[in-house]
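All residue numbers in this chain count up from 1 along the given sequence. Both ligands and their constituent atoms are indexed starting at 1 by order of listing.
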Amino acid sequence: MADARSTPALPAVTRRSDYAPPEWLVPQVALDFALDPSATRVRARLEVVRGGAHAAPLRLDGAGQEPLAVTVDGVAVDDWTLDGEQLVIPLTGDAHVVETEVVIAPDRNTQLMGLYASGGNLCTQCEAEGFRRITYFPDRPDVLATYRVRMSADKARFPVLLANGDPVASGDGDDGTHWAEWHDPWPKPSYLFALVAGELTVNRDTFVTRSGRTVQLGIWVRAADAAKTDHALAALKLSMAWDERVYGREYDLDVFNIVAVDDFNFGAMENKGLNIFNSRYILADPDTATDYDYDAIAAVVAHEYFHNWSGNRITCRDWFQLSLKEGFTVYRDQGFSADQGSPAVRRIEDVRALRAAQFPEDAGPLAHPVRPESYIEISNFYTATIYNKGAELIRMMATMLGAQRFRAATDLYFERFDGTAATCEDFVRCMEEAGDIDLSQFRLWYSQAGTPRVSATLEHQPGSGRATLNLAQKVPDTPGQSNKSPQVLPLKLRLFGAETGQPLSDEQLFVLCESYASVTFETVTERPVVSLNRGFSAPVVVESDRSAADLAFLARHDDDPFARYEAMQQLMLDTLVAATIEGEADHDPVIRAVADTLDDALDDTGLDRAFVAEAVLLPAESFIGDQLSSVDPEAIFQAREALRRDMARALDARWRAACDPATIRPYAYTPGDKGVRRLRNVALGYVAASGAADAAALAYAQFEGADNMTDRQGALTALAGGTSAERDAALDIFYHRYAGNALVLDKWFQTQALSSRADTPRLVAELAEHPDFTLANPNRARALVGAFAVNQRAFHAAGGAGYVWLADQLLALDALNPQTAAKLLPPLGRWRRFDPARAALMRAQLERIVSAPGISKDLFEQASKSLEG
Ligand code: B3K
Ligand code: ZN
C-alpha cells in the first residue's frame with residue numbers, strides 16, 4: 001500500500017454552488033503604510049459589522065505574513081487563531097473595530113501580487129487575491145468598504161505617493177520622510193485597492209465631465225519616458241467622452257491617475273481612480289511603438305477606464321461572475337475602438353483573436369463556461385473565454401435587442417446595481433426586462449462550454465423563385481459536459497445573385513434556437529449565394545457547402561466587409577487544408593481572388609488598405625491545424641509556404657506596387673496612413689516569400705530608411721524568416737539601437753521566437769541565455785517563451801526538444817511568478833490534437849510538471865487539467 005503521508009494534499013477546489021454571503025461586512029477601512037522596500041509596516045483599522053444572525057467569528061484572509069498585533073475596540077487581544085493562512089478572531093457584539101499590524105517585504109515579492117517593487121518604485125496589484133498579501137482582510141469581491149489610506153516614506157527615494165480616490169492631506173515627517181493621505185469615497189472591494197510610491201514625473205491634463213466636474217488627469221512614468229505619454233492621455237480623454245456619449249456614464253472623482261510600471265503580470269489594472277499599467281500599454285512614440293501598439297494602448301486605456309462603471313461602481317459578487325465585468329468591458333472597449341477608425345478592420349482583428357485564443361481553449365482540456373463552476377486558482381480564469389467569448393455574449397444580446405433597447409437595458413443595469421456586487425444573471429435579467437425579450441435559452445451560453453458548430457446548405461430549384469437554407473447546430477462535448485442543448489444563435493443572413501452580383505434579399509437576423517431549422521427566401525430570380533453569420537453575429541464555426549467560386553464571388557461582391565474577409569479566409573483555408581492533406585492543391589482560385597482585391601485597393605476605388613491587408617493575409621498555421629483531425633505542423637507549414645510563394649510570384653508586380661518606397665510619406669498616425677503602412681508591410685512579406693534575388697535588399701532598405709517602428713519592425717519581420725546577411729545585420733542594428741529600451745528589446749526577442757526558420761528552436765534556446773533575457777520580467781518571458789510556444793512549426797518540431805525546453809522554463813518561472821508561468825502552459829496541453837509520438841512527448845512534460853516538488857497551485861491546475869481533459 002502506498003504511503004499516504006508522502007502524497008501532498010491536492011489543492012482545494014472552490015465551487016460556485018458553495019457561495020454564501022459574507023458573515024462580516026467591513027463598511028470602512030483605514031490603512032497606514034510605513035513604506036520601505038525590505039520591511040513595510042501595514043496597520044489596518046477595520047470597522048466590522050456582523051452580516052446577519054450568526055455566531056461565527058471574524059475570518060480575515062492573509063497570505064505570506066503573520067499578525068504582529070491584533071486589537072479589538074482598542075484593546076490588544078490574544079484569543080485569535082490561524083486557520084491555514086486565515087486570521088480568526090472571536091467577536092461578541094455586532095459591530096467592532098479590529099486593528100491588525102503586519103510587516104511585509106515588497107522587494108522580495110517576485111510574484112508581483114500584493115505590494116511589490118518595480119524599477120525601484122513600489123506599487124500594488126490586488127486582483128484577484130493580492131490584497132491578502134498586504135494585510136488581513138475578507139478578501140472577496142462582495143465586501144465593499146470605503147478606504148482612507150495614509151502612506152509615509154523616505155522623501156528622496158519615494159517623492160510621489162499615490163492611492164485610490166482623492167488626495168486629502170500631505171506633509172513632511174521627521175528624518176527625511178514625508179506622508180500623504182488619500183480618501184476614496186466610493187465603497188469598493190479589496191481587489192481595487194492600489195498605492196504607488198516612487199520617483200515619477202507626470203503628464204497632466206484636465207477633462208470636464210458633462211455635468212461640469214473638472215477632473216485632473218495624470219499619467220505617471222519615469223522622467224525619461226514622459227515624452228511617450230501623450231497618446232495614452234489623449235486616449236483617456238476620448239474614452240471619458242465616449243462613455244458619456246454612448247453609455248451615459250460619467251466619471252465620479254476629482255482625479256484620475258495612471259501609473260506605468262515595467263514589471264506587471266498582464267496588461268493593466270482598473271484600481272479605482274489609480275489605474276496601474278504595464279508600461280507597454282502606455283509608452284509610445286513613432287520611433288519605438290508600432291501602429292498596432294498605438295491601437296492597443298488606446299484600447300487598454302479605454303478598457304480600464306470603462307471598468308470604472310462596469311467593474312468598479314458595479315462589481316462582481318464572486319469570481320465566478322468575472323465575465324460580468326470583463327466580457328462587458330471588452331465589448332465596450334471594442335465599440336470604442338471601432339468608433340476610432342475602421343469598424344470592419346477592428347471586427348476582423350477581434351474575430352481573429354477569438355479564433356486564435358478562445359476557440360482552441362474551448363476545444364481543449366481547459367475549456368470552461370463563461371460562468372465557470374469551479375476553480376483551484378482564480379488567476380487561471382482570466383481567460384479568452386471569460387474575456388473574449390464573454391464579450392461575444394454581450395454582442396449577441398445587443399444584436400437581438402437593437403441599439404435603443406440595449407442602451408435602455410444597460411441604463412437599467414447601471415442604475416439598479418450601482419454600488420453593489422452583482423451577478424451575470426442580474427445583467428441578463430436587465431437585458432430581458434428593458435429589452436422585452438425572453439433570454440431563458442440564451443442563458444445556456446453562460447453555462448455550456450464549447451464552440452457551437454453550424455452547418456449550412458442552400459437549396460435552390462432553378463425557376464422556382466425560391467431558395468431554402470437548411471441549418472443545423474451542434475454544441476460539442478467538453479471536459480465534464482456532454483449531450484448539450486442547442487443554443488440561441490443570432491445569424492445575420494443575406495442572399496446574392498451569382499450572375500448579377502445583386503442582393504436577392506435584405507439582410508435578416510435569423511435566430512437559430514433548435515438543432516435544425518430552415519429559412520425560405522422568395523423572389524430568388526437567379527442562382528443564389530448565401531452570405532451568413534455576417535459581421536460574425538454569433539461566435540460559432542460555420543461549415544457550408546459553398547464552392548471556391550462562390551467564396552471568391554462573395555470576397556469581391558458582398559456588401560458586408562467582414563463577410564468579404566470571411567469568404568476570402570474560407571477560400572484560403574479550404575485550399576490549405578486540401579493541400580496539407582493531399583500534398584497539393586489548386587492555388588489559382590486564391591490567387592485570382594487576391595488579385596481582384598489588390599486591384600480594387602491599388603486602384604484606390606475606395607477600399608480601405610487596412611482592410612485589404614487583412615483580407616490578403618493567409619490564415620495562421622495554428623488555425624489551419626484547428627481544422628484538421630490531427631495536426632501535422634511541418635505539412636501545414638509547407639502547404640502554407642507553397643501557397644504564399646505562388647501568391648507572391650504570381651502577384652509580384654502588385655506586391656511591389658504596394659510596398660514601393662514611393663508610398664512612404666513622413667510618419668503620421670492617421671487611419672489612412674496606418675492602412676498604407678499595414679498593406680506595405682504585408683506586401684513586403686510576400687516579396688520576401690517570393691524568393692526574389694532583391695527581396696532582402698528591399699526589406700533592408702525599408703528597415704534602414706524607416707522613420708517609424710511600424711515600417712522598421714515590418715521590415716525586420718520580413719527578414720527574420722530568412723537566412724540573408726541583411727537579416728543578421730538588421731537584427732544587430734536593431735538590438736544596439738534600442739539597447740536599454742525594454743519594450744523594444746521585447747520585440748527583438750519576440751520577432752526571433754516567431755520566425756519560420758527551421759533552426760528557430762536552437763536560436764530560441766540560445767536567446768534564453770542572452771544577458772538581456774530574464775524570466776523575472778513578465779513581458780520578457782512572454783516575448784521569448786510565450787511567442788515560441790505559439791510558433792507551431794518551431795514548438796512542435798519533431799523530437800520534442802521544444803516541449804522539454806518549455807517545461808524547463810515554466811518550472812523555473814513558477815518558482816518566481818506562478819501566475820505568469822501558468823498562463824504560458826496551455827500550448828503544451830494541446831497534445832490530443834497531435835500524432836501519438838508528439839502527444840506522448842507533450843504528456844511526458846506535463847507529467848514532469850505535475851510531479852515536480854513544490855509547484856504552485858496555479859501551474860498544478862493548468863498541467864493536471866491538461867493531462868485529464
Ligand atoms: N482586471 C484586470 C485583470 C486582473 C487579472 C488578475 N489575474 C485587468 C482588466 O481586465 O482590465
Ligand atoms: Zn478588464
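Taken from CE in M113 to CD in E129, the straight-line distance is 8.0 Å, to the nearest 0.5 Å. Rounding to the nearest 0.5 angstrom, the gap separating the CZ atom in R15 from the CG atom in D318 is 14.5 Å.
For D746, the side chain to side chain donor-acceptor pair (under 3.5 Å) test picks out R780, with sequence neighbours left out.
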Identify the protein atoms, limited to N or O, that lie within less than 3.5 Å of an N or O atom of ligand 1, and list each pair with its distance to 0.1 Å.
{"from": "ligand 1", "atom 1": "1 (N)", "to": "E127", "atom 2": "OE1", "distance (Å)": "2.6"}
{"from": "ligand 1", "atom 1": "1 (N)", "to": "E270", "atom 2": "OE1", "distance (Å)": "2.7"}
{"from": "ligand 1", "atom 1": "1 (N)", "to": "E270", "atom 2": "OE2", "distance (Å)": "3.3"}
{"from": "ligand 1", "atom 1": "1 (N)", "to": "K325", "atom 2": "NZ", "distance (Å)": "3.4"}
{"from": "ligand 1", "atom 1": "1 (N)", "to": "E326", "atom 2": "OE2", "distance (Å)": "3.0"}
{"from": "ligand 1", "atom 1": "7 (N)", "to": "Q819", "atom 2": "OE1", "distance (Å)": "3.1"}
{"from": "ligand 1", "atom 1": "10 (O)", "to": "H303", "atom 2": "NE2", "distance (Å)": "3.4"}
{"from": "ligand 1", "atom 1": "10 (O)", "to": "E326", "atom 2": "OE1", "distance (Å)": "2.9"}
{"from": "ligand 1", "atom 1": "10 (O)", "to": "E326", "atom 2": "OE2", "distance (Å)": "3.0"}
{"from": "ligand 1", "atom 1": "10 (O)", "to": "Y387", "atom 2": "OH", "distance (Å)": "2.4"}
{"from": "ligand 1", "atom 1": "11 (O)", "to": "E270", "atom 2": "OE1", "distance (Å)": "3.4"}
{"from": "ligand 1", "atom 1": "11 (O)", "to": "H303", "atom 2": "NE2", "distance (Å)": "3.0"}
{"from": "ligand 1", "atom 1": "11 (O)", "to": "E304", "atom 2": "OE1", "distance (Å)": "2.8"}
{"from": "ligand 1", "atom 1": "11 (O)", "to": "E304", "atom 2": "OE2", "distance (Å)": "2.8"}
{"from": "ligand 1", "atom 1": "11 (O)", "to": "H307", "atom 2": "NE2", "distance (Å)": "3.2"}

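Taking the Zn ion (ligand 2) as the apex, the angle formed with OE1 of E326 and NE2 of H303 is 110°, to the nearest 10 degrees.
Under the 4.0 Å criterion applied to side-chain N and carboxylate O atoms, R355 and D350 are not assigned as salt-bridge partners.
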I'd like a table of donor-acceptor pairs (distance under 3.5 Å, sequence neighbours excluded) in which one partner is a side-chain atom from residues 232-239, with atom names and distances.
{"from": "K237", "atom 1": "NZ", "to": "D205", "atom 2": "OD1", "distance (Å)": "3.4"}
{"from": "K237", "atom 1": "NZ", "to": "D205", "atom 2": "OD2", "distance (Å)": "2.9"}
{"from": "S239", "atom 1": "OG", "to": "A235", "atom 2": "O", "distance (Å)": "2.6"}

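Evaluation of the salt bridge (Lys or Arg N to Asp or Glu O under 4.0 Å) test over residues 814-830, restricted to residues two or more places apart or in two chains, returns D626-R830.
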